[in-house]
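Note sheet for the following structure.
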Amino acid sequence: MTVYFIGAGPGAADLLTIRGRDLIRRCELCLYAGSLVPEVIAAHAPRAARVVNTAGLTLEEIMAELTVAHAMGQDVARIHSGDPSLYSAIGEQMAQLAKANIPYDVVPGVPAFAAAAAAIGKELTLPEVAQSVVLTRTSERSSPMPDGEDLATLAASGATLVLHLSARRMIEIAAELVPHYGAGCPAVCVAHASQPHEIILRATLNDIGHKMADAEIVRTAIVLIGPVLDAEAHVKSRLYDAMHDRYLKPAPATRKAGET
């Protein structure tokens with residue numbers, strides 16, 4: 001058997017990957033983080049499968065489910081929101097599985113920050129504006145941030161900043177970032193990205209926290225900060241320049257409509 005850690009994507013049912021869907025459809029046990037993963041994702045499980053919402057379970061209780069499945073030779077779909085590589089807490093689960101000699105695999109998913117960028121129609125990297133994206137969070141109800149990963153240090157580069165798990169503290173956080181980005185720097189909050197109840201708030205860095213508070217957005221939100229959110233691509237990428245060396249990108253063969 002294998003425990004499959006599956007990234008369910010940001011919430012929209014059709015942003016689950018084909019690989020993830022197919023694995024869920026054949027697993028005899030489905031554990032999903034119901035506080036963030038919509039039930040429609042878990043609904044891909046077979047009718048005879050055991051489906052468990054782990055929102056109220058401890059790590060020990062989750063491991064007990066996986067251990068029983070291992071003893072019974074049952075494949076497990078362990079579904080997390082977004083992409084498992086970001087803020088999913090799969091590391092501690094994988095460590096426990098390794099100790100128990102239980103096989104596991106990881107299936108990537110569409111990350112929430114990518115869905116947020118798509119929702120606002122922005123590229124997070126623009127030539128000579130920003131070529132780096134910092135994905136981070138702040139100390140809220142979760143564990144404290146490691147030394148050297150404070151906001152001032154991360155913001156010093158001026159890179160596009162993407163904040164996870166920080167909605168409750170945005171007024172305070174914005175005040176910390178203003179000295180680095182400027183009060184008028186564009187900022188966007190995308191709550192419930194890709195879902196029917198998606199909310200998009202556009203503001204300056206100085207105002208974004210207050211707008212979020214007025215809208216009572218306190219969770220399941222991504223906040224994007226940086227000049228790329230307002231900048232036009234005045235400097236064009238060299239990728240499509242006529243003089244660009246295309247040895248890694250040969251021109252595709254042309255064909256008529258209907259030809260395969």
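Keep in mind that this is a model prediction, so the values were computed, not measured. Heavy atoms only: backbone and side chains are in, while hydrogens, waters and symmetry mates are out.
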Worksheet entry | Working for salt bridge (Lys or Arg N to Asp or Glu O under 4.0 Å), residues Glu149 and Arg137 | CA-CA 9 Å; Glu149 292 189 24; Arg137 66 166 180 84; over 6 Å; no

Worksheet item: What do the steps show when you test Ile217 against Ile199 for side-chain contact (heavy atoms from CB on, under 4.5 Å), and what is the final call?
Response: CA-CA 9 Å; Ile217 296 175; Ile199 300 172; 4.0 Å; yes

Worksheet item: Are Leu224 and Leu161 close enough, and set up right, to give a side-chain contact (heavy atoms from CB on, under 4.5 Å), and what steps lead you there?
Response: CA-CA 6 Å; Leu224 304 99; Leu161 186 64; over 6 Å; no

Item to complete: Any chance you could lay out the side-chain contact (heavy atoms from CB on, under 4.5 Å) test for Met94 and Val106, step after step, and finish with the verdict?
Response: CA-CA 10 Å; Met94 292 190 295; Val106 181; 4.0 Å; yes

Item to complete: Check the pair Leu163, Leu151 against side-chain contact (heavy atoms from CB on, under 4.5 Å), reporting the backbone distance first and the verdict last.
Response: CA-CA 10 Å; Leu163 294 173; Leu151 283 176; 4.1 Å; yes

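The CZ atom of Arg168 sits 11.0 Å away from the CE atom of Met212 when rounded to the nearest 0.5 Å. Taken from CD1 in Ile62 to OG1 in Thr67, the straight-line distance is 11.5 Å, to the nearest 0.5 Å. Note that CD1 of Ile222 and CD1 of Ile120 are 11.0 Å apart. Values are rounded to the nearest 0.5 Å. The distance from the CD1 atom of Ile79 to the CG atom of Leu36 is 12.5 Å, given to the nearest 0.5 Å. Once rounded to the nearest 0.5 Å, the distance linking OG of Ser132 with CG of Leu154 reads 12.0 Å. In this structure, the separation between NE2 on His180 and SG on Cys185 is 12.0 Å, given to the nearest 0.5 Å.
For the 3.5 Å distance criterion, the side chains of Thr204 and Asn206 fail to qualify, holding no donor opposite an acceptor. For Tyr4 and Arg19, the side-chain atoms include no donor-acceptor pair closer than 3.5 Å. A donor-acceptor contact under 3.5 angstrom links the side chains of Gln93 and His80, judged on distance only.
Around CZ of Arg21, the count of heavy atoms belonging to other residues, nucleotides or ligands within 6.0 Å exceeds 12. The environment of CG in Asp147 is sparse: at most 12 heavy-atom neighbours from other residues, nucleotides or ligands sit within 6.0 Å. The number of heavy-atom neighbours closer than 6.0 Å to CD of Glu61, taken from other residues, nucleotides and ligands shown, is above 12.
Residues Thr2 and Val76 form no side-chain contact, since every pair of their non-hydrogen atoms from C-beta on lies 4.5 Å or further apart. Residues Val223 and Val162 fail the side-chain proximity criterion, which asks for heavy atoms closer than 4.5 Å. Between Thr54 and Arg78 there is a side-chain heavy-atom pair separated by less than 4.5 Å. Side-chain atoms of Val3 and Pro103, non-hydrogen and from C-beta on, never get closer than 4.5 Å to each other. Contact check for Thr125 versus Thr160: no side-chain heavy atoms found under the 4.5 Å cut-off. Counting only heavy atoms from C-beta outward, the side chains of Leu97 and His70 never approach each other to under 4.5 Å. Val52 places none of its side-chain heavy atoms less than 4.5 Å from the side chain of Tyr32. Looking at heavy atoms from C-beta onward, Asp75 lies out of side-chain contact with Leu29 at the 4.5 angstrom threshold.
Annotation for Ala183 and Val178: closest pair N-CG1, 3.7 Å, computed over non-hydrogen atoms. Between Ala115 and Pro10, the closest heavy-atom pair is CB-CG, 3.5 Å. Annotation for Ile41 and Val37: closest pair CB-CG1, 3.8 Å, computed over non-hydrogen atoms. A pairwise comparison of heavy atoms in Ala49 and Cys27 identifies CB-O, 3.6 Å as the closest pair. Residues Gly109 and Pro84 come closest through the heavy atom pair N-CD, 3.9 Å. Minimum interatomic distance between Gly11 and Ser194 (heavy atoms only, all atoms of both residues): N-OG, 3.7 Å.
Listed by first and then second residue, the salt bridge (charged side-chain N to carboxylate O under 4.0 Å, His left out) pairs that reach into residues 198-214 come to none, sequence neighbours excluded.
For the pair Lys122 (side chain) and Ala117 (backbone), a donor-acceptor distance under 3.5 Å is absent. A side-chain donor-acceptor contact under 3.5 Å links Gln131 to the backbone of Leu126.
A side chain to side chain donor-acceptor pair (under 3.5 Å) with Thr138 is found for one member of Arg169, Glu176, Glu172 and no other, namely Arg169.
Between Phe5 and Tyr104, the ring-plane angle classifies as perpendicular under the 30° and 60° cut-offs.
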